[in-house]
Amino acid sequence: MSTSNKTFSMIKPGAVHNHHIGHILSKIEDAGFKIAAIKTVRLTPSDAAEFYAEHEGKPFYQELIDFMSSGPIIAMVLLKDNAVADFRKLIGSTDPAQAEEGTIRKLFATSKAHNAVHGSDSDASADRESSFFFSRREWLRVEDATDNGMEY
Ligand code: IDP
Ligand code: MG
C-alpha cells in the first residue's frame with residue numbers, strides 16, 4: 001500500500017475529557033478508514049513542542065503545547081485510499097465555526113484551539129507523525145495481512 005493511503009490522527013485532550021472517543025472512532029470507521037494502530041498517550045510539554053515544531057513562533061504555539069499536554073490523547077494511524085485529503089475533509093476546518101455540518105470538528109470541537117482532532121496535512125507529515133508515535137511492533141501492517149492471505 002502506498003503512503004498516500006495512510007494518515008495520522010489524534011483525538012485531542014478536550015474530546016477525550018468530554019467522552020467523545022467512541023463517537024469519533026465511529027465517525028472515522030463509518031467513513032471507511034481502517035484503524036491500523038491505536039493507543040492512549042500522555043504527551044509531555046516537550047513531546048508536544050517537538051510534534052508541533054513547525055508552528056514555533058506563532059501566537060497560538062504556547063497555548064497549543066499547554067493544551068496538547070494537558071491530558072491523555074488517542075493516537076492512531078488510519079488507512080484508506082486518498083487518506084490525507086479525505087480525512088481532512090471528514091474533520092473539517094481548523095476553526096469549528098468555519099467547519100461544515102457533519103464534520104468531526106463541527107460536532108465535537110469547542111473552539112479553534114480545542115478542536116477535537118488532529119489530521120496530517122501531507123503524506124510526508126503522515127509518515128513523520130506515525131513514526132513519532134508508533135514503533136513497527138505496534139502497527140498492524142497491511143502488507144503482512146495480505147501476504148498471509150487475509151483481507152484487511
Ligand atoms: P490543523 O490542525 O487544522 O492542521 P494548524 O494550522 O496545523 O491546523 O494548527 C495546529 C493546531 O493549532 C490546530 O489544530 C489548533 O488546535 C491550533 N490552532 C491553530 N490556529 C489557531 C488559532 O488561531 N488559535 C488557537 N489555536 C490555533
Ligand atoms: Mg496542521
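Start at 1 and go down the list; that is how both ligands and their atoms are numbered. By convention here, the first residue in the shown sequence is residue 1. All heavy atoms count here, side chains included; hydrogens, waters and symmetry mates do not.
For H114, the heavy-atom gap to ligand 1 stays at 4.0 angstrom or more. Using a 4.0 Å heavy-atom cutoff, H55 is listed among the residues neighbouring ligand 1. D121 does not count as a contact of ligand 1, since none of its heavy atoms falls under 4.0 Å from the ligand. Residue contact annotation: R105 has a non-hydrogen atom under 4.0 Å from ligand 1.
For ligand 1, the polar-atom distance check against E63 finds no nitrogen or oxygen pair separated by under 3.5 Å. Looking at ligand 1, you'll find an N or O of T94 within less than 3.5 Å of one of its N or O atoms. Considering backbone and side-chain N/O atoms, K12 comes within less than 3.5 Å of an N/O atom of ligand 1. No N or O atom of L64 sits closer than 3.5 Å to an N or O atom of ligand 1.
Within ligand 1, the atoms closer than 4.0 Å to a non-hydrogen atom of N115 are 13 (C), 14 (O), 15 (C), 16 (O), numbered from 1 in the order shown. In summary, the atoms of ligand 1 found under 4.0 Å from a heavy atom of R88, numbered by their order in the structure, are 1 (P), 3 (O), 4 (O).
Seen from the ring of F134, K39 counts as a face-on cation partner, given the 6.0 Å and 45° thresholds. Both the sub-6.0 Å distance and the 45° axial angle are not jointly satisfied by R128 relative to the ring of F8.
In the model, S125 has a side-chain atom that pairs as donor or acceptor with a side-chain atom of D121 under 3.5 Å.
The protein heavy atom nearest to atom 24 (N) of ligand 1 is F60 CB, 3.8 Å. The protein non-hydrogen atom at the shortest distance from atom 15 (C) of ligand 1 is K112 O, 3.3 Å. Protein heavy atom closest to atom 26 (N) of ligand 1, with residue, atom name and distance, is A113 CA, 3.5 Å.
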>> With side-chain hydrogen bond (donor to acceptor under 3.5 Å, both in side chains) as the criterion, how do K80 and N5 come out once you've worked through the C-alpha distance, each side chain's angles and the decisive distance to 0.1 Å?
In response: CA-CA 5 Å; K80 184 183 182 299; N5 292 332; over 6 Å; no
>> Test salt bridge (charged side-chain N to carboxylate O under 4.0 Å, His left out) on D127 and K6; report intermediate values, then the result.
In response: CA-CA 8 Å; D127 281 338; K6 177 182 81 205; 2.5 Å; yes
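Between F108 and H20, the ring planes lie tilted relative to each other; the angle falls in the 30° to 60° range.
A salt bridge between K106 and E100 is absent, with no side-chain N of the basic residue lying under 4.0 Å from a carboxylate O of the acidic one.
Atom CG of residue N115 and atom CG of residue D95 lie 8.5 Å apart, to the nearest 0.5 angstrom.
A ring-ring contact (aromatic ring centres under 6.0 Å, His included) with F67 is found for exactly one of H118, H114, H17, namely H114.
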